Amino acid sequence: MTEGSLRPASIPAELATDLVAACRLLHAQGLLTYSGHVSARLPDGAGMVIHSRDKHRGAVTAADLLTCDLTGQAHLPADQQRVPIEVFIHTGIYRNRPDVQSVVHTHSPLAAVFSTTRTPIVAAKNHAYRWRDGVPTHPDPTHIGSSEQGAELAATLGRHHAALLRTHGGVIVAESIEAAVVDSIHFEENLKTQLAVTSLGQFAPLTDDELDRLSTGFNRERHVRRLWRYYLEDATLGRNHGTASLEPEPIA
């Protein structure tokens, strides 16, 4: 049986390939660990696709993907696949935000650090203009394990593009899988830069005028496409040099 034949028929092949790549890439970046997850809205709007709760994030294949409705109910029999316990992070956001096509829940250590301070996340790097309207912190430190908790998180997120989960990690939302991956990496880079710069004193984050110029000057679609291609090619180079491959297997 080929990997392609294991893929649920309701998941478009390109979407499955991209979701597998996203999961592996974010694991390589340290943003997904033993947990954390990536999802995408199904094109027909009937639900979402997410990887199995039980699979190592760096070894996800198309066979490990499953679909569920926006209540978190898997379309496959429960004895075949298990959705992540915190699937309600994703379903809550998709129900509340029709503009969002992909959700990443990271287990970023830095996101957890910032979630326990009263220091706001500010723009320390150019691509952080994406979060100029702020990054709220969701006050619930427990697993988002119910529909009610998912709705509460979605309310905390509001119209923002990211949120912190207290002592837990982060949530990034975007218009595509590729954009969610790129944003997740940029978000982590901004946290690292802000933490480093504040240790030097006299921190001067980007001003409103600078953020205006950045937001109007960047071609987001082109940037996301370029960075996505870069990360995939970087993974291929790693494979050719004998390190673990992040390149998703072709899907029939």
Side-chain angles (χ1 to χ4, degrees), residues 18-19 21-32 36-41 89 93 97 99-115 117 119-138 156-165 169-200 202-235 237-238 246:
D18 288 348
L19 196 62
C23 201
R24 295 185 183 189
L25 290 169
L26 290 172
H27 178 267
Q29 293 286 328
L31 299 179
L32 301 185
H37 12 86
V38 189
S39 70
R41 192 189 295 272
I89 289 175
I93 291 171
R97 290 281 299 275
D99 59 306
V100 170
Q101 299 301 313
S102 183
V103 176
V104 175
H105 166 41
T106 76
H107 269 211
S108 157
L110 276 180
V113 167
F114 273 85
S115 78
T117 76
T119 302
I121 294 173
V122 295
K125 287 181 69 71
N126 54 3
H127 292 295
Y129 75 84
R130 173 81 171 160
W131 305 286
R132 67 178 302 175
D133 293 331
V135 179
T137 297
H138 188 57
T156 295
L157 177 68
R159 304 306 300 175
H160 298 284
H161 300 301
L164 300 178
L165 302 177
V171 172
I172 305 291
V173 302
E175 70 276 16
S176 67
I177 295 171
E178 298 90 338
V181 169
V182 171
D183 283 352
S184 295
I185 295 170
H186 282 329
F187 190 79
E188 186 75 0
E189 290 170 344
N190 189 73
L191 296 184
K192 290 178 181 178
T193 302
Q194 181 174 341
L195 190 63
V197 171
T198 52
S199 69
L200 300 176
Q202 301 298 313
F203 179 34
L206 289 164
T207 66
D208 285 340
D209 177 65
E210 289 170 326
L211 290 169
D212 286 341
R213 285 187 284 145
L214 287 167
S215 62
T216 57
F218 271 123
N219 183 321
R220 177 169 168 82
E221 182 179 358
R222 182 176 62 195
H223 176 75
V224 166
R225 186 168 59 247
R226 179 173 179 268
L227 267 289
W228 175 255
R229 185 170 62 247
Y230 165 77
Y231 290 122
L232 290 180
E233 290 175 354
D234 196 48
L237 289 173
L246 305 179

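As the structure is a computational prediction, the values presented were derived from the model and not from experiment.
For Val122 against Phe203, the heavy-atom pair with the smallest separation is CG2-CE2, 3.4 Å. Closest approach of Leu211 to Ala123, counting heavy atoms only: CD2-CB, 3.7 Å. Here the closest heavy-atom approach between residue Val173 and residue Val103 is recorded as CG1-CG2, 4.1 Å. His160 approaches Gly134 most closely through the heavy-atom pair ND1-O, 3.2 Å. Here the shortest heavy-atom pairing between Ser39 and Ser102 reads O-OG, 2.8 Å. The minimum heavy-atom distance linking Asn190 with Lys125 is given by the pair OD1-N, 3.0 Å.
Judged purely by atom type and a 3.5 angstrom limit, Gln194 uses its side chain to pair as donor or acceptor with the backbone of Pro120. No donor-acceptor pair under 3.5 Å is formed between the side chain of His37 and the backbone N or O of Val104.
Note that CG of Leu32 and OG of Ser108 are 10.5 Å apart. Values are rounded to the nearest 0.5 Å. Here Arg132 contributes atom CZ and Thr207 contributes atom OG1; the two are 9.0 Å apart, rounded to the nearest 0.5 Å. To the nearest 0.5 Å, atoms SG (Cys23) and CG (Asp18) are separated by 13.0 Å. Annotation: the span from Glu210 atom CD to Asn126 atom CG amounts to 10.5 Å, rounded to 0.5 Å. Atom CZ of Arg222 sits about 8.0 Å away from atom CZ of Arg225, to the nearest 0.5 Å. Going from atom CD1 of Ile172 over to atom OG1 of Thr106 covers 6.5 Å, rounded to the nearest 0.5 Å.
When side chains are defined from C-beta on, Leu31 does not count as touching Phe187, because their heavy atoms never get closer than 4.5 Å. The shortest distance between side-chain heavy atoms of Leu157 and Arg97 falls below 4.5 Å. In this structure, the side chains of Glu189 and Lys192 stay at 4.5 Å or more apart for every pair of heavy atoms. Considering only heavy atoms from C-beta on, Trp131 stays 4.5 Å or farther from Ile121 through its side chain. When side chains are defined from C-beta on, Leu227 does not count as touching Glu178, because their heavy atoms never get closer than 4.5 Å. Two residues are said to be in side-chain contact when any heavy atoms from C-beta on lie closer than 4.5 Å; Val113 and Leu191 fail this criterion. Leu206 places none of its side-chain heavy atoms less than 4.5 Å from the side chain of Arg213. In this structure, the side chains of Leu232 and Leu25 come closer than 4.5 Å at one or more pairs of heavy atoms.
In Glu221, the CD atom is not crowded: 12 or fewer heavy atoms of neighbouring residues, nucleotides or ligands sit closer than 6.0 Å. The environment of CZ in Arg159 is crowded: more than 12 heavy-atom neighbours from other residues, nucleotides or ligands sit within 6.0 Å. Within 6.0 Å of OH on Tyr230 lie no more than 12 heavy atoms contributed by other residues, nucleotides or ligands.
Under the 30°/60° scheme for interplanar angles, the aromatic rings of His127 and His186 are found to lie parallel. Ring orientation note: the planes of His223 and Phe218 are tilted relative to one another, at an angle of 30° to 60°.
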side-chain contact (heavy atoms from CB on, under 4.5 Å) between Leu165 and Ile89, intermediate numbers included: CA-CA 10 Å; Leu165 302 177; Ile89 289 175; 4.2 Å; yes
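Of the charged side-chain nitrogens involved, at least one lies within less than 4.0 Å of a carboxylate oxygen, so that Glu175 and Arg130 count as a salt-bridged pair.
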